[in-house]
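Taking it in order: structure first as structure tokens, then the write-up.
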Amino acid sequence: CAKCHANAKAIQATANLLANMLRLGRTLKSKYTTSASAVAVTSAAIGTIYFVQSNNETTPTLAERKPTAPTLARNAVLPSRANQVAHLSSGKVFDVLVIGGGATGAGSALDAQTRGLSTALIEKGDFGNETSSRSTKLIWAGIRYIATATSSLLRLKNVTRPIDAISDFVSEFSMVSNCHKERRLLLENNPHLTYWVPIAVPVDSYFSWPPPFNHPLFSIAPLVLPLVFKFYDGMSGFTCPPSHIMSKDRAERKFPQLATEDAKYYSVFYEGAHNDARTATYIALTAAEHGACVSNYTEMIEVLHDDNGKAIGVKIKDNMTGKTFDVHAKSIVFAGGPFTDHMRKIEDPNCKPAVASAAGTHIVLPGYYCSRGVGMLDINTSDGRFLFFLPWQGKTLVGTTDRKGPVVSSHGPPEAEIQWLLNECKKYLSQAGDGGDGLQIRRTDVLSAWQGFRPLASDPNAPPNAPISRDHIISQNPDTGITFITGGKWTTYREMAEDVIDRVVKSHGLSDKAGPCVTETIPLRGGVGYTRNTPIQLVQQFGVTNEVAEHLARTYGTHASEVLRAQNNNTRGGKLLLTGYPYLDEEIEYACQQEMATSLIDMLTLRTRLAFLDSDAAATIAPKVADLMGKALGWSRKQKKEELKGALEVIGSFGGPVPKAMKEESFQTIEEVFHSFDVNDSGYIGYDELKLVMKHHGAPFKSEDDALSAFKSLDKNGDGKITEDEFMNWWGRLRRRETSTLSDIYRISSDKLGSGSDSRGAAFG
């Protein structure tokens, strides 16, 4: 029976827990102290009691949850964007109009539509193009919030405010509990878009000082970390893969790139992960599958009011055509994340701010920095942040920073934050030394870098003494009746959507028409019928490689086969868009024809993630993608040229192998030119650096042979390094006709150019 199965599962998991704890105890006893071993044994006992108690009852499966979602035909054909815009402008009065097509806005539209309410969703750009596509890619349940809540509870200042302190702790803990529930729902409902990722936390000392979170209690965190992670597992009903302890020897085999000589052990736990932009897009498209009117590139430019000042709709601009029209609705929801106040100022230019924002920078490194699909977490960085090293899309994602400031749409991160992330990486990665076998962490290894903003919310319409929410905020303007939602986390987008639609239904008299929320049981587009064999079926049916099949299945789910039928050609296995990546030409046409893709930059940043993975690769392939999109969408030559120009400008805002500031520097000496080529600050110019810098200054070598020939002409001793002296001597020997390319780049004035040692002080025009 189900209960017997659950009990057996609990017994097995308990045995695993005891084994892990005993293993840690032996490690502690042999390498630390007897008292430390006692702490581990006590932790094991407490964890076992908690574990057994938490598994006395069976956990309901998806099929057992009620109510169930409306039946939806698999492979439902979506209306085109043109049809959706026509529906929007038809004069229909919708029950709910949602402004903002990120995860929360799209989730709100899906929730409302599946309750039986007629719903429209508009987004001024592409779906998920702001915060929802710039996350750390984790569907995480909030291990940090448990620590911060405990740290806050145990502060001395709480002696004078015990009730408030306990209330804050319970509120934070409740939020984490909800995160666990939502994480489970998202992963169980959508195995085609989500997956579990193991994350190792290195422990290099059994006593940590300064302590994490600046609290003395956390100085013993290394002793109890395995127990904390078991408790964390328990909050999900142990439906996640089990946390465990990894010995130093095993870690050396799994993480050859790590500096393991000082490690005591590694504590491994699991979080969910996904391609965030893809998930956001599929939330919106799932709403469309269920009948919602969904459109990207449609922007609210004015709020419409009745004679009493209540909002009855909005004026919309179609950003693809420039046409404007009115859309009427019984209720309006603003879901703009950190941009919510921008929407509210259209409603009321004098409104009180509700959202502050914090920026976080991520960098992408080659995949070998995070081998074998296992991530890493530093819980005590130099400034107290959490820092993740995660395998993502074949690369290594590192982030994030935390910087308060006004929200902007630009992807470009500060160079100082890129350097900070690289420096933090060096703490844990084995460094290459003289004759060593470690890795040299180089600035040129940064394939891409970007910033994103998260909303920090407060309710401007709350009573003066109302408590401040530590989660999302839902507020309604009493004058206009418009409801806004902001704050929260990627993991809880569905819960946020449910909460805001509950509020709208109650406040706008829609209870008679609206059914209960059913999104707990709705798989996103492509999830119905998906199995672990779907990638294998693609290999067998279409002859694609395993890598391409996995990518297609993880991106489109059961619609992957439609992608491979998008073009009428005889190429079995599809046409690779770019060597080294699993993207296909066929995906471009499919996204344009079936998924409302309209812009080249969206194709390179959101529909594929090339700009986020490798900004140089995205710029290289942009002309080809423009040609493919031009054919699919009927672009004129002028339109294609404008799309390409705009896309390259946006891609140029991303970080990459060469700091962007180099392009804007005015060099005064040849020494400065040398140091601009020495991107990695190693004291010499490497072959890859020479190629990269010439490319970034708009003068790439025509071929690999040309690049190699130029490098050898400078590297006189043949050691694979161009020293400063070699660079200066080469510069002094140049004839004027040989300096034309560099003259264009650096604006060299020939009458000021010296030779030999004199060139070290040469001025540049």
Side-chain angles (χ1 to χ4, degrees), residues 12-44 47-48 143 196-209 212 219-230 232-233 240-271 365-381 386-391 396 398 424-441:
Q12 180 60 52
T14 302
N16 292 339
L17 170 64
L18 286 170
N20 282 332
M21 288 300 181
L22 289 173
R23 188 180 302 117
L24 176 61
R26 287 194 295 269
T27 303
L28 292 169
K29 186 175 181 180
S30 62
K31 296 188 178 181
Y32 203 60
T33 65
T34 302
S35 60
S37 182
V39 171
V41 173
T42 303
S43 298
T48 302
I143 184 67
W196 291 104
V197 57
I199 301 174
V201 180
V203 175
D204 57 10
S205 171
Y206 294 119
F207 184 79
S208 181
W209 200 267
S219 61
I220 64 167
L223 295 174
V224 298
L225 204 55
L227 172 62
V228 171
F229 286 137
K230 277 303 171 189
Y232 193 63
D233 293 350
C240 57
S243 59
H244 57 275
I245 296 169
M246 184 186 298
S247 67
K248 177 180 175 179
D249 291 341
R250 186 181 175 196
E252 288 176 346
R253 296 193 298 271
K254 276 190 164 292
F255 307 110
Q257 73 276 38
L258 291 184
T260 57
E261 59 271 9
D262 295 327
K264 307 300 182 184
Y265 72 96
Y266 292 78
S267 195
V268 181
F269 72 109
Y270 287 77
E271 290 287 8
L365 303 173
Y368 54 70
Y369 280 111
C370 200
S371 64
R372 303 193 184 184
V374 181
M376 192 177 73
L377 168 63
D378 181 359
I379 63 173
N380 198 20
T381 60
F386 269 25
L387 187 67
F388 287 95
F389 303 74
L390 299 170
T396 299
V398 181
E424 291 297 314
C425 291
K426 293 177 181 179
K427 289 168 51 179
Y428 290 102
L429 296 175
S430 179
Q431 300 294 295
D434 295 333
D437 60 356
L439 299 177
Q440 182 183 3
I441 304 170

For this session: Hey, can you tell me if Phe388 and Phe386 have their rings parallel, tilted or perpendicular (30° and 60° cut-offs)?
Result: perpendicular

Exercise. With sequence neighbours excluded, what pairs up with Arg253 under the side-chain contact (heavy atoms from CB on, under 4.5 Å) test?
Worked result: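 Asp249, Arg250.
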
Which atom of [X] lies closest to which atom of [Y], heavy atoms considered:
{"X": "Cys425", "Y": "Leu365", "result": "SG-CD1, 4.3 Å"}
{"X": "Lys264", "Y": "Ser205", "result": "CG-N, 3.9 Å"}
{"X": "Leu377", "Y": "Pro202", "result": "O-CD, 3.4 Å"}
{"X": "Tyr206", "Y": "Leu223", "result": "O-CG, 3.6 Å"}
{"X": "Leu390", "Y": "Cys370", "result": "C-SG, 3.8 Å"}

Seminar exercise, completed: Residues at least two apart in sequence or cross-chain that pass side chain to side chain donor-acceptor pair (under 3.5 Å) with Tyr232, listed by chain then number, are Glu271

For this session: Answer yes or no: is there a side-chain heavy-atom contact under 4.5 Å between Val268 and Phe229?
Result: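 They are not in side-chain contact.
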
Problem set entry | Polar side-chain atom of Asp233 near backbone of Ser243 as donor-acceptor pair, under 3.5 Å | yes

For this session: Could you tell me whether the side chain of Thr396 and the main chain of Pro366 form a donor-acceptor pair under 3.5 Å?
Result: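 Here the side-chain-to-backbone pair exists.
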
Problem set entry | From Phe269 atom CZ to Leu225 atom CG, the distance as rounded to the nearest 0.5 Å |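 One gets 8.5 Å once the value is rounded to the nearest 0.5 Å.
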
Problem set entry | By ring-ring contact (aromatic ring centres under 6.0 Å, His included) - contacts of Phe389 (at least two apart) |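 Once residues adjacent in sequence are excluded, Phe389 has no partner under the ring-ring contact (aromatic ring centres under 6.0 Å, His included) criterion.
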
For this session: For Tyr270, check ring-ring contact (aromatic ring centres under 6.0 Å, His included) against everything at least two apart and list the hits.
Result: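 Tyr270 satisfies ring-ring contact (aromatic ring centres under 6.0 Å, His included) with no other residue.
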
For this session: Output, in order, the C-alpha distance, side-chain angles, deciding distance and verdict of side-chain contact (heavy atoms from CB on, under 4.5 Å) for Val228 and Ser267.
Result: CA-CA 10 Å; Val228 171; Ser267 195; over 6 Å; no

Problem set entry | Non-neighbouring partners of Asp204 that pass salt bridge (Lys or Arg N to Asp or Glu O under 4.0 Å), sequence neighbours left out |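 Once residues adjacent in sequence are excluded, Asp204 has no partner under the salt bridge (Lys or Arg N to Asp or Glu O under 4.0 Å) criterion.
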
